[in-house]
Student: 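Attaching a single structure in structure tokens format; questions to follow.
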2 protein chains.
Amino acid sequence: MKYSKQRELILETLKSAETHLTAEEIHILVRKTLPSVSLGTVYRNLNLLVERGLIRSLTTSGSTSIRYDGRTEEHCHLICTSCGKITDIDLDIFTPFDVFIYDRTGFSVDDHDFVLKGICADCSPHKFTI
Amino acid sequence: MKYSKQRELILETLKSAETHLTAEEIHILVRKTLPSVSLGTVYRNLNLLVERGLIRSLTTSGSTSIRYDGRTEEHCHLICTSCGKITDIDLDIFTPFDVFIYDRTGFSVDDHDFVLKGICADCSPHKFTI
DNA sequence: ATAGCTGCAAAATGTTTGCGCGAAA
DNA sequence: TTTCGCGCAAACATTTTGCAGCTAT
């Protein structure tokens, strides 16, 4: 993989983002530094980075577009159905989980994609204060 | 919601399928019984059924299209990265999970979407017999 | 009678790709 | 200098929508 300013910038943008961005959102951010970057280049590099394991992608039913995550360690996503915010949470349950599933089905787990939907702490009070 | 032959057929098709179908696959199956059904109608009804909680939708990173699941009870999906097969598995771990997350973050969980990627039992032997 | 559903086709959305030029090795 | 990545625009895939006619209530 040959170096490119564009790819570096895309990766950096994603690593420093606290949210889970779409390709379009990344495109907008990247262009603030390097206005000539095209959307095609953003997509090409995101696919490349996912392939190489430098970032992760996540799709959520409800939204049509793919979101990208600069964190490479496995973790869960909490999606608030009220405000749409996606939060990361670390859980140490993956290993016992995998063993359980392997014993029961013979399926050997490589990767986890756990999404929990509900109401986040910030939105929760509103349920009671209307 | 008014009765329609099309919607009944779509739901029935999904309930009796052992796989997780895309809209296009459902369209093909439904047309075997009622050839005039349009793809637009399939999409409209799938969205309606998901909204009403009569079916579930799932998106998987890697595939572009949404898949639909006739099972309404919460369960995990095992996706084989070798053959692409999606298997259901029931797990009784959701409740303790939710409590743990609520205690730690204040996020109150309504719904789970757990996807595990790996190699299924059928594909696994090939890893060792090459 | 009328609200809601359908088929059709066009539009909208999100992502990929072919091409010729320019940058990295 | 050769290979790879880029920008651009067109193509592609998937899903949604407007409309006029039909169907269930």
Student: Would Phe97(B) and Phe97(A) count as a close aromatic pair, with their ring centres under 6.0 Å?
Tutor: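 No: the rings miss the under 6.0 Å criterion.
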
Student: Near DNA chain D, counting only heavy atoms under 4.0 Å, which residues of residues 48-56 of chain A show up?
Tutor: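 By residue number: none to list.
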
Student: Starting the side chain at C-beta, find the nucleotide from dG4(C), dA23(C), dG18(C) nearest to Arg44(A).
Tutor: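 The answer is dG18(C), which lies nearest to the side chain.
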
Student: Tell me, do Lys5(B) and Glu8(B) make a side-chain contact under 4.5 Å, heavy atoms counted?
Tutor: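 When only atoms from C-beta onward are counted, Glu8(B) and Lys5(B) do touch, with a gap below 4.5 Å.
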
Student: Classify Arg7(B) by what it touches in the nucleic acid, base, sugar-phosphate, or nothing, heavy-atom distance under 4.0 Å.
Tutor: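 Counting heavy atoms under 4.0 Å across all strands, the contact made by Arg7(B) is with sugar-phosphate only.
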
Student: Hey, where on DNA chain D does chain B first and last touch, going 5' to 3'? Cut-off is any atom under 4.0 Å from a heavy atom.
Tutor: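 Listing 5' to 3', DNA chain D meets chain B from dT14(D) to dT25(D).
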
Student: Can you pull out the residues from residues 20-43 of chain B that lie within a 4.0 Å heavy-atom distance of DNA chain D?
Tutor: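 Contacting residues: Leu39(B), Gly40(B), Tyr43(B).
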
Student: In terms of the nearest nucleotide of DNA chain D, which residue is placed more toward the 5' end: Met1(B) or Asn47(B)?
Tutor: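 Here Asn47(B) is the residue nearer the 5' end.
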
Student: Apply the test side chain to side chain contact (heavy atoms under 4.5 Å, CB included) to residues Cys83(A) and Cys120(A): give CA-CA distance (whole Å), side-chain angles for both, the deciding distance (0.1 Å), then the verdict.
Tutor: CA-CA 8 Å; Cys83(A) 68; Cys120(A) 75; 4.0 Å; yes

Student: For Ser4(B) and Thr64(A), take the nucleotide of DNA chain D holding the closest heavy atom to each; which residue's nucleotide lies nearer the 5' end?
Tutor: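 Result of the comparison: Thr64(A).
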
Student: Does any part of the side chain of Gln6(A), heavy atoms only, come nearer than 4.5 Å to the side chain of Leu34(A), both counted from C-beta?
Tutor: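 Yes, side chains in contact.
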
Student: For a 4.5 angstrom cut-off between non-hydrogen side-chain atoms, does His77(A) reach Asp69(A)?
Tutor: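 His77(A) vs Asp69(A): side chains touch.
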
Student: Report yes if some heavy atom in the side chain of Glu74(B) is under 4.5 Å from a heavy atom in the side chain of Arg56(B); otherwise report no.
Tutor: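 Yes - at least one pair of side-chain heavy atoms lies under 4.5 Å apart.
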
Student: Between C1' on dA23(C) and CG on Asn45(A), what's the gap in Å once rounded to a whole number?
Tutor: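 Asn45(A) atom CG is separated from dA23(C) atom C1' by 14 Å.
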
Student: Any side-chain heavy atom of Val115(B) sitting closer than 4.5 Å to one from Leu58(B)?
Tutor: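 Not in contact.
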
Student: Between the base of dA3(C) and the side chain of Lys2(B), is one N or O donor paired with an acceptor at under 3.5 angstrom?
Tutor: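 Side chain to base: pair found, below 3.5 Å.
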
Student: If you check every side-chain atom of Tyr3(A), which of dA25(C), dG7(C), dT15(C) has the closest atom?
Tutor: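 Closest nucleotide to the Tyr3(A) side chain: dA25(C).
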
Student: Determine, for Asp90(B) against Arg104(A), whether the closest basic-nitrogen to carboxylate-oxygen distance falls under 4.0 angstrom.
Tutor: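 Salt bridge: no.
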
